[in-house]
Amino acid sequence: MTSWFAPGRINLIGEHTDYNDGFVLPCALAVGCTATVWSVGVGWTGTAEGSDAWTVRSVQQPDPVVVRRSGLDAADMQGVPEWSRYVLGALWLLADRGVDVPPLEVEVDSDVPSGAGLSSSAALVCSVARAVDAHLGLGLDDDALFALTRDVENDAVGAPTGGMDQLVSLRGEAGHALFCDMRSHATRSVPLDLGGSGLAVLVADTRAPHRHSDGEYGARRRGCEEAARRLGVPALRDVSADDLDAALERLDDEELRRYVRHVVTEDDRVLSVVRLLDEGRLADVGPLLTASHRSMRDDFRITVPEVDIAVDALLEAGALGARMTGGGFGGCVIGLVPVASVDAAGDAVRRAFADAGFGEPDLFTAEPSQGAHAVDG
């Protein structure tokens with residue numbers, strides 16, 4: 001039996017920059033998913049039906065999924081529950097790449113809120129990949145594990161992820177954010193000394209439904225790609241902040257101009273935040289977080305009333321900065337708040353939601369935590 005834990009994440013700054021080959025700055029959370037792997041016949045609890053199969057279970061789901069190894073292919077992946085594709089997809093892709101994956105039973109147990117934009121899916125697939133790698137003694141290195149987990153989401157599940165979530169779930173370090181270059185996938189830990197600065201990252205899960213998120217996400221991505229094509233660059237990452245005004249003058253489509261302005265300024269904000277954190281100036285990050293939110297609201301237009309109201313309430317309650325985190329159209333807001341003001345800031349968000357007729361938000365503080373690691377069993 002082998003068990004591994006992999007965390008969910010928040011993104012401190014860098015939204016919709018990943019698929020533009022840009023920069024992001026997420027950090028791993030304390031919540032995550034634990035995957036436990038057994039070989040059939042060694043402490044196995046299954047049935048004869050699963051003796052030449054892969055059996056996957058979830059503590060959060062009522063029924064196991066059993067798939068015979070010889071019958072699993074890309075078409076079969078669409079016929080099983082979505083949660084199980086993250087597990088079976090890792091096994092299938094390994095087998096498809098020549099690894100002899102024997103009959104296994106895999107159980108997963110997650111405490112990442114689903115649908116909150118905290119990357120429950122990356123926690124799931126990363127915990128499974130690390131547990132299977134360790135259990136079978138495959139010796140996959142960091143790059144191979146990252147490629148496997150990203151391919152599971154892209155190919156087995158059909159989610160067009162850029163890879164940020166998997167990078168931080170695999171490589172996150174306690175007390176640090178992870179600076180990621182999404183072109184090279186190079187990463188570097190950046191100090192995030194909340195305790196030493198007397199600050200906290202307060203997370204408000206607005207529980208707002210992700211309205212039109214799939215179609216709108218795709219439209220933004222296509223728009224960014226079209227803007228890069230018109231500007232003659234490989235990706236919007238290649239337009240610098242100094243070149244922004246000239247680039248905007250070359251575009252006659254106002255929507256594309258807004259997309260370019262957001263991505264270019266957001267990349268620049270990520271780099272500025274990293275410099276400030278390297279210098280130990282965490283409090284100075286606040287205005288950049290707020291500027292990021294305004295850019296998402298006014299230029300990229302991916303916010304909804306719940307997240308805008310939460311941001312405004314946090315700022316009015318004394319947050320140094322606040323922004324939506326995640327792909328948009330719902331999900332979570334983060335605020336950089338003095339520790340002494342956390343309770344008051346949370347109460348302000350609750351009052352603002354009640355006044356607006358919204359449901360009760362879920363509030364908690366985020367601690368930058370360790371990435372995927374083995375669990376003693």
Side-chain angles (χ1 to χ4, degrees), residues 8-16 25-27 29-31 111-120 177 192-195 197-213 216 262 266 269 273 282-369:
R9 63 98 185 98
I10 57 168
N11 191 21
L12 290 176
I13 195 164
E15 233 60 80
H16 289 263
L25 189 66
C27 68
L29 295 172
V31 294
D111 61 356
V112 185
S114 180
L118 302 178
S119 201
S120 58
L192 188 61
D193 185 13
L194 293 168
S197 302
L199 297 171
V201 173
L202 180 62
V203 182
D205 179 0
T206 68
R207 298 180 176 173
H210 287 264
R211 307 180 185 99
H212 312 298
S213 57
E216 294 289 351
H262 167 72
E266 186 79 345
R269 283 186 287 269
V273 169
L282 178 56
D284 293 337
V285 163
L288 292 164
L289 303 183
T290 304
S292 172
H293 184 79
R294 290 171 179 157
S295 181
M296 290 187 285
R297 182 192 65 197
D298 300 335
D299 278 337
F300 225 59
R301 299 187 181 179
I302 56 173
T303 70
V304 295
E306 290 92 334
V307 299
D308 291 333
I309 285 176
V311 166
D312 290 343
L314 286 169
L315 293 173
E316 290 170 7
L320 304 184
R323 66 183 292 273
M324 182 184 69
T325 183
F329 310 102
C332 289
V333 163
I334 60 172
L336 186 62
V337 181
V339 170
S341 301
V342 166
D343 290 342
D347 289 342
V349 175
R350 293 188 185 94
R351 285 195 303 270
F353 269 46
D355 291 344
F358 298 146
E360 177 88 2
D362 183 31
L363 292 118
F364 60 94
T365 55
E367 287 293 331
S369 300

key: Pair Val311-Leu315, side chain to side chain contact (heavy atoms under 4.5 Å, CB included): steps then yes or no   = CA-CA 6 Å; Val311 166; Leu315 293 173; 3.9 Å; yes
query = Does any pair with a residue in residues 355-367 pass side chain to side chain donor-acceptor pair (under 3.5 Å), and if so which ones, sequence neighbours excluded?
reply = Arg350-Glu360
key: Where at least one partner belongs to residues 331-343, residue pairs that pass side chain to side chain donor-acceptor pair (under 3.5 Å), sequence neighbours excluded   = none
request  = Classify the ring geometry between Phe358 and Phe353 as parallel (under 30°), tilted (30 to 60°) or perpendicular (over 60°).
outcome  = perpendicular
request  = Fit a plane to each ring of Phe300 and His16, take the angle between them on a 0 to 90° scale, and name the class: parallel (under 30°), tilted (30 to 60°) or perpendicular (over 60°).
outcome  = tilted
Over all atoms of both residues, closest heavy-atom pair of [X] and [Y]:
X: Ala317; Y: Ala345; answer: CB-CA, 3.8 Å
X: Ala30; Y: Ser369; answer: N-OG, 3.3 Å
X: Cys27; Y: Ala177; answer: CB-CA, 3.9 Å
X: Leu288; Y: Arg269; answer: O-CD, 3.6 Å
X: Val349; Y: Ala204; answer: CG1-CB, 4.4 Å

N/O donor-acceptor pairs under 3.5 Å from side chains in residues 318-340, not counting sequence neighbours:
from   : atom 1 : to     : atom 2 : distance (Å)
Arg323 : NE     : Ser292 : OG     : 3.0
Arg323 : NH1    : Asn11  : O      : 2.9
Arg323 : NH1    : Leu12  : O      : 3.1
Arg323 : NH1    : Glu15  : OE1    : 3.2
Arg323 : NH2    : Glu15  : OE1    : 2.6
Arg323 : NH2    : Ser292 : OG     : 3.4
Thr325 : OG1    : Asn11  : N      : 3.1
Thr325 : OG1    : Asn11  : O      : 2.8

inquiry  = Contact between Val201 and Leu194 at the side-chain level, heavy atoms closer than 4.5 Å - yes or no?
reply    = yes
key: Side-chain donor/acceptor of Thr206 to backbone N/O of Ala208, under 3.5 Å   = yes
request  = Would you sort out whether His293 and Thr303 count as a side chain to side chain contact (heavy atoms under 4.5 Å, CB included), showing the intermediate values?
outcome  = CA-CA 8 Å; His293 184 79; Thr303 70; 3.7 Å; yes
message = Just verifying a value: how many Å separate Leu25 CG and Leu192 CG, rounded to the nearest 0.5 Å?
response = 8.0 Å
